[in-house]
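Numbers here are sequence positions counted from 1. This structure is a prediction, so every number in the text was calculated from the model and none was measured. Any value given below was found using the heavy atoms of this structure, including those in side chains, with hydrogens, waters and symmetry copies removed.
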Amino acid sequence: MTRALKAERKELVKTRVLLVDDHPIVRKGMAQLIEAEGNLEICGETGDAAEAISMIAKLKPDLAVIDVSLSGNDGIDLIKQIKARGDEVKVLVASMFDETLYAERALHAGAAGYINKNEAATKIVEAIQQVLRGKVYLSDKMTDRLLTRVAHGEEDINRSPINSLSDRELEVFRLIGDGLTTRQIAEKLHLSTKTIETYRDHIKAKLNLKHNTELIRRAVQWTLSQG
């Protein structure tokens, strides 16, 4: 095989991307955006966390673009599962949720970047390409925030009390804000209602809420604020 033919074949090999988002319209738009890049192709898409695990094992994507909100477990838990399995796939989280609340969680879970879906198309493509190059992607604002905290060795005084919630507590809090009952949350997360009640009690204690009514109101207000 000639050197020119080898180079041409290398050019034809595209990076395989799996989209994991529970909104079909969002997946369609993201797919069009990604495939407009000459070196990228969509190898699969799903809105279900369990199916995403199966597709990663079968399709062997180079990158998975994952939302926080999914059918089944949430995106943060999905990332933890992917890393625990040892799947060799880079992960970028693309979500509408506040990066100050979710970006660090995503990185700790094993993601290589976090970008808000409200960012311009060029920024989303930049995030994808940067993660594929083996780098971490965060917005300039989030990067400055993290570096400032590390440099001064102190907690961010502007952090919301919601940041004190564990990943699972935050997931339960989000689902309460989506209007799900304790039983519905238990079924969705494959946990007992007693366990969900325990999470609710922990959330109330951390957010200084006295009653379930206050918890529901706070969760709904927060969910609405996420756009």
Salt bridge (charged side-chain N to carboxylate O under 4.0 Å, His left out) involving K28 - partner list, sequence neighbours excluded: none

Test item: T223 side-chain N/O and A219 main-chain N/O as donor-acceptor pair under 3.5 Å: yes

For T198, all residues meeting side-chain contact (heavy atoms from CB on, under 4.5 Å), sequence neighbours excluded: H202

Side-chain H-bond candidate by donor/acceptor type, N73 with K80, under 3.5 Å: no

Non-neighbouring partners of D67 that pass side-chain hydrogen bond (donor to acceptor under 3.5 Å, both in side chains), sequence neighbours left out: S95, K117

Side chain proximity check, D201 to K204, heavy atoms < 4.5 angstrom: yes

Cluster check V68, Y137: I/L/V/M/F/W/Y, side chain < 4.5 angstrom: no

Pair Q129-N39, side chain to side chain donor-acceptor pair (under 3.5 Å): steps then yes or no: CA-CA 10 Å; Q129 299 286 16; N39 66 326; 3.1 Å; yes

No-hydrogen, no-angle side-chain donor-acceptor test under 3.5 Å, T15 and E41: no

Shared hydrophobic cluster, I34 / V131 (ILVMFWY, side-chain heavy atoms < 4.5 Å): yes

side-chain contact (heavy atoms from CB on, under 4.5 Å) partners of D144, counting only residues at least two apart: none

Exercise: identify the closest heavy-atom pair between T46 and D48: OG1-N, 3.1 Å

For E45, all residues meeting side-chain contact (heavy atoms from CB on, under 4.5 Å), sequence neighbours excluded: L19, R27

Taking every non-hydrogen atom, the tightest pair across A112 and L107: C-CD2, 4.0 Å

Beyond-backbone contact of I162 with L165, side-chain heavy atoms, under 4.5 angstrom: yes

Linked, directly or transitively: L92 and I82 (ILVMFWY side chains, under 4.5 Å): no

Closest non-hydrogen atom pair between E214 and K210, with its separation: OE1-N, 2.6 Å

Same cluster (ILVMFWY, side-chain, under 4.5 Å), I66 and L40: no

Student check: side-chain heavy atoms of R168 and L191 closer than 4.5 Å: yes

Nearest heavy atoms of M142 and A103, plus distance in Å: CG-CB, 4.0 Å

Where A52 and L78 come nearest, the two heavy atoms and their spacing: CB-CD2, 4.0 Å

Carboxylate-amine/guanidinium proximity below 4.0 Å for R16 and D62: no

Closest contact, heavy atoms only, A49 versus L70: CB-CD1, 4.3 Å

Parallel, tilted or perpendicular, as decided by the 30° and 60° cut-offs, for the rings of Y102 and F97: tilted

Under the ring pair (Phe, Tyr, Trp, His ring centres under 6.0 Å) test, residues paired with F173 that sit two or more places apart: W222

Side chain proximity check, T181 to Q184, heavy atoms < 4.5 angstrom: yes

Hphob cluster co-occupancy, I216 + I196, side-chain heavy atoms under 4.5 angstrom: yes

Distance-only donor-acceptor check, side chains T182 and R200, under 3.5 Å: yes

